[in-house]
Protein chains: 2
Amino acid sequence: MRSNRVTAADIARATGLSRATVGFVLNNTPGQTISEATRQRVLRVAKDLGYHPHPAARTLARGRSNIVVLLLPDWPLGYSLGRNLDEASQALDAHGLTLITQTIRPRTSAHPLWEAVLPDVVMGLLAFPAEEVRRMRAAGVRAVIPDGSDGQFRVDQLTFTDGPAMQVEHLLTRGAQRLVWAQPGDPRLASLAQERYATARRRAEELGHTLETVIVGTDRPMTEPLVVPRAGERVGVAAFDDEMAARVVGSAVRAGIAVPDQLAVIGHDDTPIAALFVPALTTVRIDVSGLGKLMAALAVHSVLGNPMPAVGPEARAQLIVRESS
Amino acid sequence: MRSNRVTAADIARATGLSRATVGFVLNNTPGQTISEATRQRVLRVAKDLGYHPHPAARTLARGRSNIVVLLLPDWPLGYSLGRNLDEASQALDAHGLTLITQTIRPRTSAHPLWEAVLPDVVMGLLAFPAEEVRRMRAAGVRAVIPDGSDGQFRVDQLTFTDGPAMQVEHLLTRGAQRLVWAQPGDPRLASLAQERYATARRRAEELGHTLETVIVGTDRPMTEPLVVPRAGERVGVAAFDDEMAARVVGSAVRAGIAVPDQLAVIGHDDTPIAALFVPALTTVRIDVSGLGKLMAALAVHSVLGNPMPAVGPEARAQLIVRESS
DNA sequence: CAGATTTGATCCCATTGCGGC
DNA sequence: AGCCGCAATGGGATCAAATCT
C-alpha cells in the first residue's frame, strides 16, 4: 500500500532540513528568509528526486483547489468561443488556476463534476437555476458565476443577443416584404433559440413588421422547400444559425427558387459551412474578443480577491454579407 | 479562516458516535457490522447537516482520486464520438469514477491538467509520446492508456484508417481515371491527415493507380477551382474530410465543372455539412459504437482491477453515397 | 467464549503560525 | 536580524483493539 511517491518529507530527509523549510523554499513563502545555499540545495534535491507536490494534499492544506470549472451548454460552439477558452485557460494558468470545461448534455452526468473535484469557482455562460447554485454552494463551491445575484454579469446577454436584430435589419434593407424566422427543431437548442427569436421579433415589430416562424427539422428531406415565396414576393429568412440557413437555402435551390432574389437568407455564427456553401451564406459573426480574459479575471477575482480589472468583452455582432442575401 | 464546512467529525459529534463509526456507515465499509439503528441515525444526521465529503481529503486518504482524464486532439470531432463520450462518462460514473475531458491545442496548456488533479488514469485516442508517458507517471498518474507498450490497444488504429481506402475504391468504381487527394493546409491536422493519406495511397497503388495531392488552404478564394479535369477526363477526389470536399466541390461548381461527371468527390466523417451541401456530398461515416464503453472498461480495469470484459468497439467505415460522386 | 458494535490511533501530504537559536 | 524547526491543521480512510450482548 505504501506508494513510492516522493514527498516533501523525503526532500527534508535527503537534505537534512525540516519539512517546514522545504515547504518554504518550494512555495517561495513570503515573509521567510532562507539562505541561498539552502534554497539551492532544496531545489536541487527536489529536482533530482523528481518531486511533484500532491495536489489533493495541497488542496486540503490550503483550503483551495485552484480549479475553475466552466460548464458549457450543448451548443455548437463557434470558433471564436474556442479561442476564448484558450485565452481564459492561459490567463488562469498565469495565476496558478486550472480550467476544466465540461459540456452539459441533457441527461448525462449522474454525479456532478463539482462534487468530484470541488472547484473554487464554477462558471457558466448562462445563469444557473437558483436551486443548482444552492447545491453547488452546499457542496463547498465558493463562487458561482453568474450566480443570479442582482446586477451580476451575464455572459449570455453580452454574447448572444445582438445578432438576430441585425439579421432583421439586414433583410429589410435588402427589400424583404415578408419576414420568416427559421427555428431549429432540436430541443437542446430550445432555450437559446427562444432568446434569439425574441430579439429578432422585437426588432421586426419595432420596424413595423411581423415575424413568421418555420421549424426546421433535421430529418426532413431536402427535396421539399422549407419556405416558398408567393409570386413576385421577396421573402427574407433570418435563421437561428448557419445550419438552419443552409437547409433553407439548399431546399430552395433544389426547388428552383431564386436566391437571393425571391428568397434572401441570413444565418448566424459564421461557421465554416457559411463560407463554403453555394451560394455562400450571408451571416452574422459574433466576436467576443476579450471574453476569455474577462471570465478569467472574474474567476481570479473571486478566488484570490484580486481587484477586478476593467476588462470587458467587446461582444459585437458583425454582418458578413455574402451571396445568399 | 474557520470554514463552515460540515465534516464527518460534526456528524460524529451530533450523533455521539466516533468518527470511525461514522466513516464506516458513510462508506458502507465491507467487513464492518453496524447496527441498523446507528446506520440510520448517521445517515439522517448527515442529510440534515448537509454533509458532503471533501474530495481532496478523500483522495489523500485513499491514495486515489477516482478521476479519469481523457485527452482529445484538436480535431473536428464527430457526432459519433460525442455520444461515445457520454457513454464512457456514464459507465465510469457507475463505478464512482469521474471523466474529465480536455482538448489539447498546440501551444495551450502551460500547466498540464494531470498535475493539477492527479487522475488515476489518463487516456487518449492516439499513442502518447514515450516522454510524455514518463512525465505523467512521474507526476503520479498510475495508468496511461494507451501507454505504447507492446500489444496495447490503440484507439486510433481501430477508428480512423478504413475510410480512406473505401474512398479510393468508391472513386474507382465510379470510373475515375485520375485520383487526387485533398489535403488540409491546417497544420493541426497534419498528423491525422498523414495517416489517412497513407492509407488512401496504399490502396490506390494496390489497385494500380497513383494518387496526386492537392493542398486545400482555408484562405484561398472559392472562385478558383482547386482541381481541374482535362477535357473528357473523369477525376476522382478523395478528401481528408467533408470540409475539404466541400471546398473542392464548391470551387468546381462555381467554375462550371460538372460534378460528379467530370469531377467526383468523396468526403470523410459525415459531418452535417455533407448532407446539406448542394450537391450533397458522398462521404464515409466512421461508426465506433461501443468505443465509449470500451474506454470506460479499460479505465475501470486499470483503476479497480476489475476483469476486462470482452467489449470491443465495432469501428466500421460506412459509405454514404449522395450526389457528389 | 463468541459475535456484534464501536472506538482510539495513525496515516495520507503539504501548509503555516509560533517560537528557538 | 537572519535562518530554520516543531507541531498543529485540513477531512477522511482504515486497522487493531476495546466494549457490549
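Naming: A, B, ... by sequence-line order, numbering from 1 per chain. What you are looking at is a predicted structure, and each value in this text was computed from that prediction instead of being measured. For the numbers below, each heavy atom of this structure counts, side chains included, while hydrogens, waters and symmetry mates do not.
- As judged by a 4.0 angstrom heavy-atom cut-off over every strand, Thr21(B) is placed among the base-contacting residues.
- Nearest-nucleotide positions on DNA chain D place Ser18(A) closer to the 5' end than the other of Ser18(A) and Ala61(B).
- Within the 4.0 angstrom heavy-atom criterion, base atoms lie near Thr33(A).
- For Asp120(B) (side chain) and Arg64(B) (main-chain N/O), no donor-acceptor pair under 3.5 Å exists by modelled atom type.
- A distance-only check finds a donor-acceptor pair linking the side chain of Thr59(A) to the backbone of Pro55(A) [under 3.5 Å].
- A side-chain contact (heavy atoms from CB on, under 4.5 Å) with Val121(A) holds for exactly one of Val303(A), Asn66(A), Val141(A); it is Val303(A).
- End-to-end axis angle of the helix from dA2(C)-dT21(D) to dC21(C)-dG2(D), using five pairs per end and rounding to 10°, comes to 60°.
- Atom CD of Gln40(A) and atom OG of Ser35(A) lie 9.5 Å apart (nearest 0.5 Å).
- Between Thr59(A) and dA14(C) there is no side-chain polar atom (N or O) within less than 4.0 angstrom of OP1 or OP2.
- The CZ-P distance, from Arg62(A) to dT16(C), rounds to 7 Å in whole Å.
- The nearest whole Å value for the distance from the CD1 atom in Ile11(A) to the C1' atom in dT15(C) is 14 Å.
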Strictly under 3.5 Å: I want the nitrogen or oxygen pairs between protein and nucleotides 18-21 of chain C, one per line.
none

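- Of the candidates dG17(C), dG10(D), dT15(C), dG17(C) carries the atom nearest the Ala20(A) side chain, counting heavy atoms from C-beta on.
- At a non-hydrogen distance threshold of 4.0 Å, Thr38(A), Ala57(A) from residues 36-57 of chain A come into contact with DNA chain D.
- In this structure, the CZ atom of Arg19(B) is 16 Å from the C1' atom of dC15(D), given to the nearest Å.
- Atom C1' of nucleotide dT6(C) and atom CD1 of Ile34(B) are separated by 7 Å, given to the nearest angstrom.
- The closest donor-acceptor contact from the side chain of Thr15(B) to the backbone of Val42(B) lies at 3.5 Å or more, if one exists at all.
- Here dC20(D) presents its P atom at 14 Å from CG of Leu17(B), a figure rounded to the nearest Å.
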